[in-house]
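Data block below; observations after.
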Amino acid sequence: MAEQKKNNEALNMEEALTQSEDFLIRNKKSIISVIVAIVVIVVGVVMYKHLYADPRETKAQAALFKGQEYFEADEYEQALNGDSIGYAGFLKVADEFSGTDAGNLANAYAGLCYAHLGKYEEAIKALDSFSGSDQMVTPALKGAMGNCYAQLGQLDKAVSLLQSAANEADNNTLSPIFLQQAGEILVKQGKYDDAIKAYTTIKDKYFRSYQAMSIDKYIEQAKLLKK
């Protein structure tokens, strides 16, 4: 009987850890999609605001536009490094037009391109170059950095950034995603109490979110592994 219980616990742990790894893979795509939507909206606002205000800004926005088209078509290499018909690439836009809103956004786009291409160290560097205080875009990009650190196996750094991003966003759209990601990593690290705390925050504070609908399962899973 005791041997059967031990085997069941081992199977439960193996299943939980497998789900943890699957979650990181699945959620990497979903969080990047959220970030893309947010960044595209902000780009539209920035373009409207500065289209006639500053000639350099206008030129920078024009340089950014083709890259956005490549990005939205999942052509990340061209978006990042340019093409043979006149588009310079997000990297050159960020460098040539540093100090403009468009140049700043080019850093964000470059980081996301690198992440899609699996170049996580380069992604972190580019994302870290973005500066802003928007309550959606800034934490979304910080969460993307957290995911990159997770892919590099730097799990403590990943958790720290994901939790920080969740706190900064403080909304039902982004915060539960980041908290659940953090919880899954914490489970993988064997830090079950911290994982339960992250999951419980989703249940109590972000109960209107999609993630809250199934969070009890993750809480019980972490409690089971803790025993």
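Every heavy atom of this structure was used, including side-chain atoms; hydrogens, water molecules and symmetry mates were not. All values reported here derive from a predicted model rather than from experimental measurement.
Using a 4.0 Å cut-off between charged nitrogen and carboxylate oxygen, Asp170 and Lys205 count as a salt-bridge pair.
The CE atom of Met145 sits 10.5 Å away from atom CG of Leu162, with the distance rounded to the nearest 0.5 Å. One finds the CG atom of Leu186 at 6.0 Å from the CD atom of Gln163 (value rounded to the nearest 0.5 Å). Once rounded to the nearest 0.5 Å, the distance linking CD1 of Ile124 with OG of Ser129 reads 12.0 Å. To the nearest 0.5 Å, atoms CG (Leu225) and NZ (Lys188) are separated by 14.0 Å. A distance of 8.0 Å separates OG1 in Thr200 from CD1 in Ile215, rounded to the nearest 0.5 Å. With rounding to the nearest 0.5 angstrom, the CG atom of Asn104 is 10.0 Å from the OG atom of Ser98.
Aromatic ring pairs are classed by plane angle as parallel below 30°, tilted from 30° to 60° and perpendicular above 60°; the pair Phe90 and Phe71 is perpendicular.
When atom types are taken as modelled, the side chain of Ser164 and the backbone of Ser160 share no donor-acceptor pair closer than 3.5 angstrom.
The two residues Cys148 and Ala123 make their nearest non-hydrogen contact at SG-CB, 3.8 Å. Here the closest non-hydrogen pair linking Ala222 and Ile196 is CB-CG1, 3.6 Å. Nearest heavy atoms, Tyr87 versus Gln78: CE2-O, 3.2 Å. Contact detail for Ala63 and Phe97: the closest heavy-atom pair is CB-CE1, 4.0 Å. Taking both residues in full, the closest heavy atoms of Phe178 and Ala165 are given as CD1-CB, 3.7 Å, listed atom of the first, atom of the second, then distance. Minimum interatomic distance between Leu91 and Ala110 (heavy atoms only, all atoms of both residues): CD2-CB, 3.9 Å.
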Show, in sequence, the C-alpha distance, side-chain angles and deciding distance for Gln61 and Phe65, and conclude whether the side-chain contact (heavy atoms from CB on, under 4.5 Å) test is met. CA-CA 6 Å; Gln61 294 291 354; Phe65 180 75; over 6 Å; no
Checking side-chain contact (heavy atoms from CB on, under 4.5 Å) for the pair Leu179/Tyr199: CA distance, chi angles, key distance, verdict? CA-CA 7 Å; Leu179 286 170; Tyr199 294 150; over 6 Å; no
One pair to check against side-chain contact (heavy atoms from CB on, under 4.5 Å): Glu168 and Lys142. What are the steps and the verdict? CA-CA 10 Å; Glu168 287 182 20; Lys142 181 176 285 189; 2.5 Å; yes
I would like to know whether Tyr109 and Asn107 meet side-chain hydrogen bond (donor to acceptor under 3.5 Å, both in side chains); could you show each step before the answer? CA-CA 5 Å; Tyr109 273 117; Asn107 283 316; over 6 Å; no
Test log, rule side-chain contact (heavy atoms from CB on, under 4.5 Å), inputs Val159 and Gln189: CA-CA 11 Å; Val159 168; Gln189 291 180 298; 4.1 Å; yes
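In this structure, Lys203 and Phe207 have side chains that are not in contact, with every pair of non-hydrogen atoms separated by 4.5 Å or more. Residues Tyr218 and Glu184 are in side-chain contact: their nearest non-hydrogen atoms beyond the backbone lie under 4.5 Å apart. At a threshold of 4.5 Å between non-hydrogen side-chain atoms, the residues Leu174 and Tyr206 do not count as touching. The side-chain heavy atoms of Leu105 and Thr100, taken from C-beta on, include no pair separated by under 4.5 Å. In this structure, Met136 and Asn171 have side chains that are in contact, with non-hydrogen atoms separated by less than 4.5 Å.
A side-chain donor from one of Asp83 and Tyr70 sits under 3.5 Å from a side-chain acceptor of the other. Side-chain contact of Asn147 with Gln181: a donor-acceptor pair under 3.5 Å is present, judged by distance alone. Asn81 and Glu77 are linked by a side-chain donor-acceptor pair at a separation below 3.5 angstrom, with hydrogens and angles left out of the test.
Of the residues listed (Pro176, Ser175, Ser214), the one engaging Ile202 in a side chain to side chain contact (heavy atoms under 4.5 Å, CB included) is Pro176, and it is the only one.
Screening residues 102-130 for salt bridge (Lys or Arg N to Asp or Glu O under 4.0 Å), with sequence neighbours left out, gives no hits. Among residues at least two apart or in separate chains, salt bridge (Lys or Arg N to Asp or Glu O under 4.0 Å) pairs with a member in residues 189-198 are Asp156-Lys191, Asp193-Lys226.
With sequence neighbours excluded, the residues satisfying side chain to side chain contact (heavy atoms under 4.5 Å, CB included) with Glu220 are Lys223.
Leu117 is connected to Phe130 through a chain of hydrophobic side-chain contacts under 4.5 Å among Ile, Leu, Val, Met, Phe, Trp and Tyr, so both are in one cluster.
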